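So the structure is just underneath, and the comments pick up after that.
In this text, all values refer to a predicted model and were calculated from it rather than measured experimentally. What you see below is based on every heavy atom in this structure, not just the backbone, and it leaves out hydrogens, waters and symmetry mates.
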Amino acid sequence: MTTFKMTIAYDGTKYQGWQRLGNTDMTIQGKIEAVLSRIYTRPILIDGSGRTDAGVHAKGQIASVELPKNRIDPKSLGEINHYLPEDIQIMSMVKADDRFHARFNAKQKIYRYRISVSPSGNVFERKEMIRIEEPLNLEAMRSAASYLIGEHDFQSFTAMKSKTKSTVRTIESITVTALSDEIQIDFLGNGFLRQQVRLMMGLLIQVAQGVVKPKAVKEILDEKSRANTRAVAPAKGLCLERVIY
């Protein structure tokens with residue numbers, strides 16, 4: 001078997017997230033594995049760098065896969081994409097070290113959240129961003145975001161139910177960029193918990209709307225409780241941009 005590193009892009013709108021599920025075939029991982037298994041006429045499993053929630057997109061999801069030797073040729077990538085849905089595509093597939101594992105070897109990830117502030121909305125990218133018509137206080141949002149940077153216990157910002165797994169993560173930066181008709185918020189961290197980015201984003205939007213004070217973010221972080229982080233930003237605004245190794 002030969003190990004490959006796959007870079008995957010997908011529109012997550014109609015899928016139940018990345019991870020394969022036993023009760024539906026509408027997952028990204030499930031769709032790719034089904035196509036690979038069909039092409040190579042044997043069960044093929046892939047390992048992603050991490051899960052994305054239902055409705056979340058990716059431009060640079062990474063997966064590792066072992067494929068039979070002497071069965072790889074330049075047509076393989078095109079054949080795989082031919083059988084995949086148009087909203088899931090393998091952007092590249094390169095040979096990797098036999099020890100490469102997409103999840104275990106990942107060092108950092110970049111997620112981007114997009115907010116449309118155009119009065120007319122964005123017709124062609126409406127599935128990739130949320131729309132907020134009221135003015136947003138971006139300086140307040142940046143101030144609030146500063147409390148989330150660094151190594152923290154993000155128990156207040158996860159839907160993960162397990163009490164045995166660590167909820168400590170490190171966020172290197174949160175960058176808020178104002179463009180002419182949209183706002184982009186980029187999160188760079190060593191890893192993210194289930195719904196962490198969407199929960200942080202939901203609170204940051206509340207701060208920008210004046211519903212929550214920026215300093216309250218630190219208090220909520222220190223509480224280590226979901227009691228005050230019930231606003232989950234819609235999944236469609238979130239995209240996994242890049243995984244860094």
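Considering L21, N23, I28 as possible partners of Q16, the one that fulfils the side-chain contact (heavy atoms from CB on, under 4.5 Å) test is L21.
The structure places CD1 of I220 at 6.5 Å from CD of E223, a figure rounded to the nearest 0.5 Å. I32 CD1 to I80 CD1: the interatomic distance, rounded to the nearest 0.5 Å, is 9.0 Å. Summarising the geometry, atom OG1 belonging to T2 is positioned 9.0 Å from atom CD belonging to E66; distances are rounded to the nearest 0.5 Å. Between the CZ atom of R51 and the CG atom of L240 there is a distance of 14.5 Å, given to the nearest 0.5 Å. Here CD1 of I185 is found 8.5 Å from OH of Y113. Values are rounded to the nearest 0.5 Å. Rounding to the nearest 0.5 Å places CD1 of I110 at 7.5 Å from CD of Q108.
Side-chain atoms of N122 and E182 include no donor-acceptor pair closer than 3.5 Å. Side-chain polar atoms of S49 and Y245 form no donor-acceptor pair below 3.5 angstrom. Judged by distance alone, the side chains of S92 and T7 do bring a donor and an acceptor atom under 3.5 Å apart. Using modelled atom types, one finds a donor on one side chain and an acceptor on the other under 3.5 Å when comparing T167 with D153. Side-chain contact check for S120 and S118: at least one donor-acceptor pair (N or O, by modelled atom type) lies under 3.5 Å.
The hydrophobic clustering, which links ILVMFWY residues whose side-chain heavy atoms are closer than 4.5 Å, places Y10 and M129 apart. Linking ILVMFWY side-chain heavy atoms closer than 4.5 Å, directly or via other members, places L188 and V243 in two distinct hydrophobic clusters. Residues M6 and I44 fall within the same hydrophobic cluster, defined by Ile, Leu, Val, Met, Phe, Trp and Tyr side chains chained together at heavy-atom separations under 4.5 Å. Follow the hydrophobic side-chain contacts under 4.5 Å out from I130 and you reach F187 in the same cluster. Cluster annotation: V65 and Y83 are assigned to the same hydrophobic cluster (Ile/Leu/Val/Met/Phe/Trp/Tyr, side-chain heavy-atom contacts under 4.5 Å, transitive).
Formation of a donor-acceptor pair under 3.5 Å by the D47 side chain with backbone atoms of A63 is not found in this model. A donor-acceptor pair under 3.5 Å links the side-chain atoms of N190 to the main chain of T170, judged by distance alone. With hydrogens and angles ignored, the 3.5 Å screen pairs no side-chain donor or acceptor of S64 with any backbone N or O of H101. No donor-acceptor pair under 3.5 Å is formed between the side chain of T27 and the backbone N or O of G17. No donor-acceptor distance shorter than 3.5 angstrom exists from the side chain of H57 to the backbone of D11, with no hydrogens or angles considered. A donor-acceptor distance shorter than 3.5 angstrom exists from the side chain of T158 to the backbone of M160, with no hydrogens or angles considered. Remark: the backbone N or O of L193 is paired with a side-chain donor or acceptor of Q196 at under 3.5 angstrom. No donor-acceptor pair under 3.5 Å is formed between the side chain of R198 and the backbone N or O of Q195. Between the side chain of E33 and the backbone N or O of I46, at least one donor-acceptor pair lies under 3.5 Å. Side chain of S156 to backbone of S225: a donor-acceptor contact under 3.5 angstrom is found.
Within the 4.5 Å cutoff, the side chain of I8 has no heavy atoms near those of the I62 side chain. Taking 4.5 Å as the limit, every side-chain heavy atom of M201 sits out of range of all side-chain heavy atoms of L238. Side-chain atoms of F100 and K5, non-hydrogen and from C-beta on, do get closer than 4.5 Å to each other. Residues R226 and T229 meet the side-chain proximity criterion, which asks for heavy atoms closer than 4.5 Å.
Between F157 and F154, the ring planes lie perpendicular to each other; the angle is over 60°, past the 30° to 60° tilted range.
Closest of all the heavy-atom pairs between L199 and V232 is CD2-CG2, 3.5 Å. Closest approach of G121 and S116 over heavy atoms only: CA-OG, 4.1 Å. M93 approaches I90 most closely through the heavy-atom pair CB-CG2, 4.5 Å. For Y40 against P68, the heavy-atom pair with the smallest separation is CD2-CD, 3.9 Å. Closest approach of K31 and P85 over heavy atoms only: CD-CG, 4.4 Å. Taking both residues in full, the closest heavy atoms of L84 and I88 are given as CB-O, 3.5 Å, listed atom of the first, atom of the second, then distance.
The number of heavy-atom neighbours closer than 6.0 Å to NZ of K224, taken from other residues, nucleotides and ligands shown, is above 12. Environment of CD in E172: crowded, with over 12 heavy atoms of neighbouring residues, nucleotides or ligands closer than 6.0 Å. The neighbour count for R242 CZ, taken as heavy atoms of other residues, nucleotides or ligands under 6.0 Å away, does not exceed 12. Heavy-atom neighbours of M26 CE from other residues, nucleotides or ligands within 6.0 Å: above the threshold of 12. Taking a 6.0 Å sphere around CZ of R131, one finds it holds more than 12 heavy atoms contributed by other residues, nucleotides or ligands. More than 12 heavy atoms of other residues, nucleotides or ligands shown are found within 6.0 angstrom of NZ on K236.
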* Asked: Taking it one step at a time, do V207 and N137 satisfy side-chain contact (heavy atoms from CB on, under 4.5 Å)?
  -> CA-CA 8 Å; V207 169; N137 185 337; over 6 Å; no

* To do: Please step through side-chain contact (heavy atoms from CB on, under 4.5 Å) for the pair D87 and T13, ending with a clear verdict.
  => CA-CA 9 Å; D87 49 10; T13 302; over 6 Å; no

* To do: Apply side-chain contact (heavy atoms from CB on, under 4.5 Å) to K95 and T3, showing your working.
  => CA-CA 6 Å; K95 288 184 179 180; T3 301; over 6 Å; no

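The pair R112-D186 meets the salt-bridge criterion, since a charged nitrogen lies less than 4.0 angstrom from a carboxylate oxygen. A salt bridge between E128 and R114 is present, with a side-chain N of the basic residue lying under 4.0 Å from a carboxylate O of the acidic one.
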Using atom types as modelled, flag every donor-acceptor pair under 3.5 Å from a side chain in residues 138-149 to any protein atom, sequence neighbours excluded.
from : atom 1 : to   : atom 2 : distance (Å)
E139 : OE2    : R142 : NH1    : 2.6
R142 : NE     : V176 : O      : 3.4
R142 : NH2    : V176 : O      : 2.9
S146 : OG     : S143 : O      : 2.5

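Taking the centre of each ring, Y111 and F192 come in below the 6.0 Å mark.
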